Amino acid sequence: MASQIVNLTVNGADKEFIARPPTTLLMALREALHLTAAKRGCAQGACGSCTVLLDGEPVVSCLVPVVTVDGAAVDTLEGRASEGELNDLQQAFVDGFATQCGFCTAGMIMSAEALLARSPDPSREEVLEAISGNVCRCTGYEPIVRAILDASARGRARTEEAATATGGEI
């Protein structure tokens, strides 16, 4: 098969590049777009270190042929900070020493982002389910779970603060 022009919206910016059919989304992100937060771990979709959001849903980018997602929106860890400031989830990972060696961190955070987007106040069981496809080789799941729950609490506190400041209801 011939190479194909692929258009993606990556972290809110339109990107266009040429890809051959076997090119995965992970390869395109790392090699064509130079976004290296998503890591190549097992390359079989079993470790989750390459997790990104594809149209808002977490996917293991090592298994997604990039030519099949032409026109999609992709979010990576690089797009989560705003104006150089870490978001609540990233800061909770740093504050809670949940980054450990860092290899799984991008995938863990992207899986957690998807969870918090659909369930801003998740239970511990929901957190465990959300990150169940992500392997931490440091075996430090507890700090990761606590960081996600902490980020959830920070988000709720920010919402309550905003409501109080404007005199609105939560």
Side-chain angles (χ1 to χ4, degrees), residues 8-15 25-26 28-30 33-41 45 47-62 64 69 72-170:
L8 297 174
T9 301
V10 180
N11 298 326
D14 293 334
K15 302 290 182 181
L25 177 56
L26 177 63
L29 290 171
R30 293 183 62 85
L33 303 177
H34 309 291
L35 297 171
T36 57
K39 303 291 187 280
R40 183 178 187 268
C47 74
S49 62
C50 65
T51 300
V52 299
L53 301 184
L54 180 64
D55 292 330
E57 295 297 322
V59 298
V60 282
S61 60
C62 70
V64 177
V69 296
V74 177
D75 291 298
T76 70
L77 184 64
E78 286 94 342
R80 307 324 292 170
S82 176
E83 299 178 11
E85 297 290 323
L86 300 179
N87 69 18
D88 285 340
L89 187 56
Q90 292 169 310
Q91 192 62 55
F93 266 67
V94 171
D95 293 346
F97 304 102
T99 56
Q100 299 166 67
C101 83
F103 200 81
C104 72
T105 303
M108 290 283 188
I109 288 176
M110 297 314 291
S111 292
E113 286 272 353
L115 169 67
L116 295 176
R118 69 177 180 273
S119 179
D121 188 17
S123 67
R124 179 180 174 77
E125 290 71 30
E126 289 173 308
V127 170
L128 292 172
E129 174 66 25
I131 64 170
S132 65
N134 300 75
V135 175
C136 170
R137 290 176 176 80
C138 301
T139 66
Y141 293 98
E142 191 55 36
I144 293 168
V145 171
R146 281 195 312 260
I148 295 168
L149 292 171
D150 182 47
S152 169
R154 291 178 190 201
R156 285 192 313 276
R158 188 182 312 276
T159 300
E160 289 172 12
E161 249 179 55
T164 301
T166 60
E169 291 185 26
I170 301 173

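Computed from a predicted model, the values in this text were never measured in an experiment.
Checked against side chain to side chain donor-acceptor pair (under 3.5 Å), D55 has no partners two or more places apart in sequence or in another chain. Residues forming a side chain to side chain donor-acceptor pair (under 3.5 Å) with R156 (at least two apart in sequence, or on another chain): D121, S152.
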Just do the side-chain contact (heavy atoms from CB on, under 4.5 Å) check on E113 and N87 with the steps written out, would you? CA-CA 10 Å; E113 286 272 353; N87 69 18; 2.7 Å; yes
Can D88 and R158 be said to form a side-chain contact (heavy atoms from CB on, under 4.5 Å), step by step? CA-CA 10 Å; D88 285 340; R158 188 182 312 276; 2.3 Å; yes
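Within 6.0 Å of CZ on R40 lie no more than 12 heavy atoms contributed by other residues, nucleotides or ligands.
Shown here for G41 and F103, the closest heavy-atom pair between the two residues is CA-CE2, 4.0 Å. Across every non-hydrogen atom of S111 and A130, the tightest pair is CB-O, 3.7 Å. Taking all atoms of both residues into account, the shortest heavy-atom contact from A114 to L53 is CB-CD2, 3.8 Å. When every heavy atom of G48 is checked against every heavy atom of N134, the shortest pair comes out as O-ND2, 3.1 Å. When all heavy atoms of E129 and S132 are compared, the closest pair comes out as O-OG, 2.8 Å. When every heavy atom of C50 is checked against every heavy atom of S61, the shortest pair comes out as O-OG, 2.7 Å.
Among V52, L29, L77, the one residue that satisfies the side chain to side chain contact (heavy atoms under 4.5 Å, CB included) test with L35 is L29.
A side-chain donor from one of T76 and N11 sits under 3.5 Å from a side-chain acceptor of the other.
Formation of a donor-acceptor pair under 3.5 Å by the T105 side chain with backbone atoms of T99 is found in this model. Remark: the backbone N or O of L115 is not paired with any side-chain donor or acceptor of S119 at under 3.5 angstrom. Without hydrogens or angle criteria, R154 side chain to L89 main chain gives no donor-acceptor distance under 3.5 Å.
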Which atom pairs, one a donor and one an acceptor, fall under 3.5 Å between side chains of residues 137-145 and the rest of the protein, sequence neighbours left out?
from, atom 1, to, atom 2, distance (Å)
Y141, OH, C136, N, 2.8
E142, OE1, R124, NH2, 2.7
E142, OE2, R124, NH1, 3.3

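Side-chain atoms of V74 and K15, non-hydrogen and from C-beta on, never get closer than 4.5 Å to each other. Residues P122 and L116 have side chains in contact (heavy-atom distance under 4.5 Å, counting atoms from C-beta outward).
Here the CD atom belonging to Q90 is positioned 8.0 Å from the CZ atom belonging to R80, to the nearest 0.5 angstrom. Residue E126 holds its CD atom at 8.0 Å from CZ of R118, rounded to the nearest 0.5 Å.
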